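This report refers to the structure that appears directly beneath it.
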There are 2 protein chains.
Amino acid sequence: MKRQTAQRRAIVQVFKQQDRLLAISEILDYGSRIVPSLNQATVYRNLKQLLEAGWLKQINYPSLGTRYERAHKIHHHHFHCKACNRVMDLPGCALKQEQIVPDGFVVQSHDVFLSGLCDRCAGR
Amino acid sequence: MKRQTAQRRAIVQVFKQQDRLLAISEILDYGSRIVPSLNQATVYRNLKQLLEAGWLKQINYPSLGTRYERAHKIHHHHFHCKACNRVMDLPGCALKQEQIVPDGFVVQSHDVFLSGLCDRCAGR
DNA sequence: GTCGTTGCAAAGCCTTTGCAGGGAA
DNA sequence: TTCCCTGCAAAGGCTTTGCAACGAC
């Protein structure tokens, strides 16, 4: 059976507070402010557990590496601003997959990553 | 100045022969058949060089890891079959990015990854 | 003869694992 | 009291780097 620990609660709290795509280093940083002894290995183990529980989603972001976000969000894509280096959610889905998937193929999931300049950075 | 070496020619040849998304281990394997002494570090160094030269493109495939393909191909997406584990090209672009990108944002590039079952695997 | 390139080994990241002690239930 | 969880350190993958020898030009 799963046990409630201060460490796991801290990690969960970080996701609730930040509500965005987080890098492991960020989770460790923010989590350490809540539970100072928080260890890297503990973070990895808990992320794995939260993934398996379906509470988190892991995203292998091109050129940024591994990121995590809460799984309860509705389907959306991400935009990476190369200038300010932020990643933001883009609500909705812009993929018309039936246009390019050959007959007989079954699409189970898809990932879309956009990058460029956000409004703030492009405006200057 | 760049020099022609047997090792670099071998790596280039592998990409021309295979003409598909390759993992580093595959590049090393196939390349070693051409130049048996071919070393891992040499592969990494040459891939980096070919990337900078714009001859190759690096792709961080979700859940598959780093892959490389030739850069001269026209824009396309990839489909990963979870049953046979192959990755295939899907010609064309199915993304209607203007549908979800807010005003003021400038999209410079995008990556789309589809996964599911290919026709062969879905047919059974 | 230069100096870019290679093979080898070591070092660097990021992530996982073994282990003994600690703490939730 | 049980046994899941944690911290620490070591070990594993993958990728990069230092260095001396090699070889393209």
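Remember, predicted model here, so these are calculated numbers, not experimental data. Numbered from 1 within each chain, the chains take letters A, B, ... in sequence-line order.
C/dT6 atom P lies 14 Å from atom NZ of B/Lys48, rounded to whole Å. A straight line from CG of A/Leu51 to C1' of C/dT15 spans 13 Å, rounded to a whole angstrom. To the nearest angstrom, P of C/dT5 lies 11 Å from CD of B/Glu52. In this structure, A/Asn60 places its CG atom 13 Å from C1' of D/dC14, rounding to the nearest Å. With rounding to whole Å, A/Gln58 atom CD is found 13 Å from C/dT16 atom C1'. Across the protein-nucleic acid pair, B/Leu28 atom CG and C/dC8 atom P stand 12 Å apart, rounded to whole Å. Spacing between atom CZ of A/Arg9 and atom C1' of D/dC5 amounts to 12 Å, rounded to whole angstrom units. Atom CG of B/Leu47 is separated from atom P of D/dC14 by 15 Å (rounded to the nearest Å).
Each of B/Arg3 and B/Asn46 was matched to the nucleotide of DNA chain C holding its nearest heavy atom; the match closer to the 5' end belongs to B/Arg3. Heavy-atom nearest nucleotides on DNA chain D were determined for B/Thr5 and for A/Ser37, and the one closer to the 5' end corresponds to A/Ser37.
One N or O on the side chain of B/His76 and one on the backbone of B/Ile74 form a donor-acceptor pair closer than 3.5 Å. Checked by atom type and distance alone, the side chain of A/Glu26 pairs as donor or acceptor with a backbone atom of A/Ala23 at under 3.5 Å. Checking side-chain atoms of A/Gln18 against main-chain N and O of A/Phe15 turns up no donor-acceptor pair under 3.5 Å. Looking only at distances, a side-chain donor or acceptor of B/Ser32 sits under 3.5 Å from a matching main-chain atom of B/Leu28.
Contact annotation for B/Arg45: base contact, defined as any heavy-atom pair under 4.0 Å involving a base atom.
The side chain of A/Ala41 has D/dA9 as its nearest neighbour among D/dC25, C/dT15, D/dA9.
The phosphate of C/dG7 (OP1 or OP2) has a side-chain N or O of B/Gln7 nearer than 4.0 angstrom. Contact annotation: B/Gln49 reaches the phosphate of C/dT5 (side-chain N/O to OP1 or OP2, under 4.0 Å). The shortest distance between the side-chain N/O atoms of B/Thr42 and the OP1/OP2 oxygens of C/dT5 is not below 4.0 Å. Residue B/Asn39 places no side-chain N or O under 4.0 Å from the OP1 or OP2 atom of C/dT6. Dashed line: the shortest gap from a side-chain N or O of A/Tyr44 to OP1 or OP2 of C/dT15 is under 4.0 Å.
Fit an axis to the five pairs at each end of the helix from C/dG1-D/dC25 to C/dA25-D/dT1 and the two axes sit 30° apart, to the nearest 10 degrees.
A donor-acceptor contact closer than 3.5 angstrom is absent between the side chains of A/Lys48 and A/Gln58.
Every residue meeting the side chain to side chain donor-acceptor pair (under 3.5 Å) condition with A/Arg8, not counting sequence neighbours, appears here in chain and number order: A/Asn46, A/Gln49. For the side chain to side chain donor-acceptor pair (under 3.5 Å) test, residues two or more places apart in sequence or in another chain that qualify with B/His110 are B/His75, B/Gln97.
Using a 4.0 Å cut-off between charged side-chain N and carboxylate O, A/Arg20 and A/Asp89 make no salt bridge.
With hydrogens and angles ignored, no donor-acceptor pair under 3.5 angstrom links the side chain of A/Arg8 to the base of D/dC5.
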